[in-house]
Undergrad: 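Input: one structure, supplied below.
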Amino acid sequence: MAKILNGASLPNIPWQDKPAGCAAPIWRYDKNPIIPRDLIPSSNSIFNSAAVPFKEGYAGVFRCDDKARSMNIHCGFSKDGYNWDLDDDVVIFESADSSDGKEVLNSQYKYDPRVVFIEDRYYITWCNGYHGPTIGVGYTYDFKTFYAMENAFLPFNRNGVLFPRKINGKYVMLSRPSDNGHTPFGDIFISQSPDMIHWGEHRHVMSPLGGWQSTKIGAGPIPIETDEGWLLFYHGVLTSCNGYVYSFGAAILDLEKPWIVKYRTHPYLMCPQRDYECVGDVPNVVFPCAALTDADTNRITIYYGAADTVTGLAFCKLDDILDYVRLNSAV
Ligand code: BMA
């Protein structure tokens, strides 16, 4: 059995056993979507969102596009990871001590948040509207007060995803340099920082490949540390005659040098197939932004946005995924 490193026990992880006859290494929750588009009065859609264990349950940061179609982050709590209470109000950030004044609060929009506990606090990254999309970074200790730090990068960038611990003494973040529109290209890069503010030592990680990941790729949930390497779920985009199709697969990155890709799925793990993934504001999108793990059972539960409209859950076991990635690798 593979091992999740530095992972906690999570006996109450949302979980459903693999349905009989399912040959795939990953399967959907049978009551998906868990979060409907109209869970709060102001929302047009609630999708590409992230959750972490918090106190006896879970906390999360949710991408809610409102009825004016402004994109923002709302905070939410859940006892069981399935049923969520979301704040009606958007998360208001204060400028962090590390920031130089109020410029960090200059944000035209926020979307696709990720959240991770590192050392003493929960860090949140998101796509931040600052003269175009770039990577916003903030933190909270309690999911009540939120602080915004300096943007990690210059525009244009998306899908900023932190590793859950320092590697060789540095914070490490994946990102996907892009353009100001619906970017028809994109590789995953990695950057390092001594203080979560100054980012450098940028290295290339992965390029698009064929098929489901031929147009662009982007990191998904926080990478999962295992004894075989970092398990990274990532989305990939295919340009069809009917527009973009967002699927996801996985890669295994070297533990100490995570810019080295050891294996990477040639076929997708999951592609939009259910009605709620194929029909919505943007059809044909599955977009994972968070993964919960239970180190005792190697269970992994993925939160993903569906059709830019609702949020669903998918389940898998670490060993099945690692085997699948190794056996179906394109590297
Ligand atoms: C990307 C992001 C995601 C979205 C996807 C599909 O560029 O905006 O938030 O899910 O497009 O529309």
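Reckoned from all heavy atoms, side chains included, excluding hydrogens, waters and symmetry mates. Order of listing sets the numbers, starting from 1, for every ligand and every atom in it. What you see is a predicted model, and the numbers here were worked out from it, not measured in a lab. Numbers here simply count residues along the sequence, with the first being 1.
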Undergrad: For F47 together with F287, are the ring centres under 6.0 Å from each other?
TA: no
Undergrad: Applying a heavy-atom cut-off of 4.0 Å, say which part of Y246 lies close to ligand 1: side chain, backbone, both or neither.
TA: side chain
Undergrad: Show the atoms of ligand 1 that are less than 4.0 angstrom away from any heavy atom in V282.
TA: 12 (O)
Undergrad: Starting from atom 10 (O) of ligand 1, locate the nearest protein heavy atom and write down its residue, its atom name and how far away it is, to 0.1 Å.
TA: D308 OD1, 2.6 Å
Undergrad: Which residue supplies the protein heavy atom nearest to atom 8 (O) of ligand 1, what is that atom called, and how far is it?
TA: Y111 CE1, 3.8 Å
Undergrad: Quick one: salt bridge (charged side-chain N to carboxylate O under 4.0 Å, His left out) pairs with a partner in residues 22-41, sequence neighbours left out?
TA: R28-E277, R37-D281
Undergrad: Is it true that F163 and W259 have ring centroids separated by less than 6.0 Å?
TA: no
Undergrad: Can you tell me the protein heavy atom closest to atom 2 (C) of ligand 1 and the distance?
TA: D112 OD2, 3.7 Å
Undergrad: Distance-only, no hydrogens or angles: does the E225 side chain make a donor-acceptor pair with backbone N or O of P164 under 3.5 Å?
TA: no
Undergrad: Are any of the N/O atoms in N48 less than 3.5 Å from those in ligand 1?
TA: yes
Undergrad: Which bit of R63 is near ligand 1, meaning a heavy atom under 4.0 Å away: side chain, backbone, both or neither?
TA: side chain
Undergrad: Donor-acceptor pairs under 3.5 angstrom involving side-chain atoms of residues 241-255: please list them, not counting sequence neighbours.
TA:
residue	atom	partner	partner atom	Å
Y244	OH	H182	O	2.6
Y244	OH	T183	O	3.4
Y246	OH	K216	NZ	3.3
D254	OD2	E256	N	3.1
D254	OD2	K257	N	2.7

Undergrad: Can you tell me if N157 and S175 form a side-chain donor-acceptor pair at under 3.5 Å?
TA: yes
